[in-house]
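Notes follow the structure.
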Amino acid sequence: MYGQLDVEALEKQFNAAMEEADTGSALDAVRRIYDEFERQGEALAALLHPAFEARMETSFLDGKTYKGLRGFKKWRSDMEELFEEERFQPEGIRFAAGDRWVVLGRLQIRTKDDGDELDLPLAHVFEQRDRKLARFTAYSDISAALDSVGLR
């Protein structure tokens, strides 16, 4: 699953993207969103648009799509099945035209099969509609995430 990744190339993409990233108050607001993701409490339903969709363009769960609040919870369950531990740490945010933004961060995981600990660069693209999160796409390839919103 991870042996095929060119982690060095992904690190270069991540570092280049971070050069133009906001690491201030906008990032603090985004971190609060991730806190709600972790809690999966009642506030989560208020954050997500009724037509919410999460897509995985990653080295794990690649090509999977999850819809609605139920889909969000299924995505989190799938991640728990894959990893002993996993946590995404947002480190920067880039804003695109419209209501879209890219969150650059680190996915820290411990695999279930052999207990390996990995720290991988990852990008999440968010799209907002009606002041709620309508679409979330996770990318292993930082450049692809930036390209998807015209930020290359």
Side-chain angles (χ1 to χ4, degrees), residues 1-2 5-80 82-83 85-109 118-152:
M1 171 177 359
Y2 310 104
L5 287 177
D6 183 349
V7 176
E8 188 174 315
L10 294 176
E11 289 290 351
K12 286 180 185 177
Q13 290 176 8
F14 179 81
N15 291 335
M18 280 296 293
E19 288 179 10
E20 296 181 41
D22 181 333
T23 58
S25 61
L27 181 60
D28 290 338
V30 166
R31 285 184 175 138
R32 287 192 293 276
I33 292 171
Y34 282 95
D35 289 343
E36 289 304 323
F37 281 6
E38 288 294 317
R39 279 194 283 278
Q40 294 188 47
E42 291 180 27
L44 181 62
L47 280 175
L48 302 181
H49 190 277
F52 175 78
E53 180 179 289
R55 276 192 5 230
M56 301 300 114
E57 301 291 333
T58 56
S59 57
F60 50 90
L61 302 176
D62 189 34
K64 287 204 173 208
T65 300
Y66 302 88
K67 296 183 179 186
L69 180 59
R70 179 175 282 151
F72 179 92
K73 290 179 178 184
K74 172 68 173 137
W75 165 57
R76 298 304 306 146
S77 173
D78 286 353
M79 291 291 284
E80 288 173 9
L82 279 178
F83 306 117
E85 292 179 25
E86 57 92 14
R87 176 130 175 102
F88 181 76
Q89 297 291 331
E91 293 190 6
I93 186 170
R94 303 267 311 265
F95 293 97
D99 290 332
R100 297 179 301 168
W101 64 92
V102 178
V103 177
L104 303 163
R106 313 289 311 183
L107 180 65
Q108 296 153 348
I109 60 173
L118 300 170
D119 179 13
L120 304 169
L122 202 68
H124 293 162
V125 174
F126 286 93
E127 184 176 317
Q128 186 176 347
R129 192 175 326 129
D130 303 327
R131 302 186 64 140
K132 294 185 179 222
L133 296 176
R135 178 172 290 194
F136 163 86
T137 306
Y139 289 88
S140 291
D141 185 324
I142 307 299
S143 295
L146 295 172
D147 286 346
S148 77
V149 296
L151 285 177
R152 196 57 152 66

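Only this structure's heavy atoms are used, side chains among them; waters, hydrogens and symmetry mates stay out.
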Are Glu53 and Arg135 within salt-bridge range, i.e. N to O under 4.0 Å? yes
Using residues 32-44 as the side-chain source, report each donor-acceptor pair under 3.5 Å to any protein atom, sequence neighbours left out, with the distance given to one decimal.
| residue | atom | partner | partner atom | Å |
| --- | --- | --- | --- | --- |
| Tyr34 | OH | His124 | ND1 | 2.6 |
| Glu36 | OE2 | Arg39 | NH2 | 2.7 |

Spacing of Tyr139 atom OH and Leu122 atom CG [to the nearest 0.5 Å]: 11.5 Å
Atom pair CZ (Arg106) and CG (Leu120), whose distance is rounded to the nearest 0.5 Å: 7.5 Å
Heavy-atom side-chain contact between Phe88 and Val103 under 4.5 Å: yes
Which atom pair, heavy atoms only, marks the closest approach of Lys132 to Leu48? CD-O, 3.7 Å
Reported OG-to-CD distance for the pair Ser140 and Gln13, which is rounded to 0.5 angstrom: 10.0 Å
Arg94/Glu19 ion pair, N-O < 4.0 Å: no
Please determine which of Phe95, Phe52, Trp101 meets the ring-ring contact (aromatic ring centres under 6.0 Å, His included) test together with Phe126. Trp101
Mind checking salt bridge (charged side-chain N to carboxylate O under 4.0 Å, His left out) for Asp62 and listing every partner two or more places apart, or none if nothing turns up? none
Residue list, side chain to side chain donor-acceptor pair (under 3.5 Å) with Glu85, at least two apart or on another chain: Arg110
From Lys12 atom NZ to Ile142 atom CD1, the distance as rounded to the nearest 0.5 Å: 14.5 Å
Is there side-chain contact between Asp119 and Gln108, with at least one heavy-atom pair below 4.5 Å? yes
Thr58 to Ala138 - nearest heavy-atom pair and separation: CG2-O, 3.4 Å
Quick check: Phe83 with Phe60 (ring centres under 6.0 Å apart)? yes
Whether the side chain of Arg31 engages the backbone of Pro90 through a donor-acceptor N/O pair (distance < 3.5 Å, no angle test) should be reported. yes
Is the closest side-chain heavy-atom distance between Ile109 and Met79 below 4.5 Å? no
For the side chain of Lys67 and the backbone of Ala51, is there at least one donor-acceptor N/O pair under 3.5 Å apart? no
Let me see the working for Arg55 and Thr65 under side-chain contact (heavy atoms from CB on, under 4.5 Å), right down to the final yes or no. CA-CA 4 Å; Arg55 276 192 5 230; Thr65 300; 3.5 Å; yes
Quick one: pull up NZ in Lys64 and CH2 in Trp75 and give me the separation to the nearest 0.5 Å. 13.5 Å
Residues Glu11 and Pro121: closest non-hydrogen pair is OE2-CD, 3.6 Å
Can you name the side chain to side chain donor-acceptor pair (under 3.5 Å) partners of Asp78, sequence neighbours left out? Tyr66, Lys74
By side chain to side chain donor-acceptor pair (under 3.5 Å), Arg131 pairs with (sequence neighbours left out) none
Quick check for you: to the nearest 0.5 Å, what is the distance between Ile93 atom CD1 and Glu20 atom CD? 14.5 Å
Within the structure provided, determine whether Arg129 and Asp99 are in side-chain contact (heavy-atom separation under 4.5 Å). no
Considering only distance and modelled atom types, tabulate donor-acceptor pairs under 3.5 Å from the side chains of residues 23-30, sequence neighbours left out.
none

Ignoring hydrogens, what is the shortest heavy-atom contact between Val102 and Ala145? Give both atom names and the distance. CG2-O, 4.2 Å
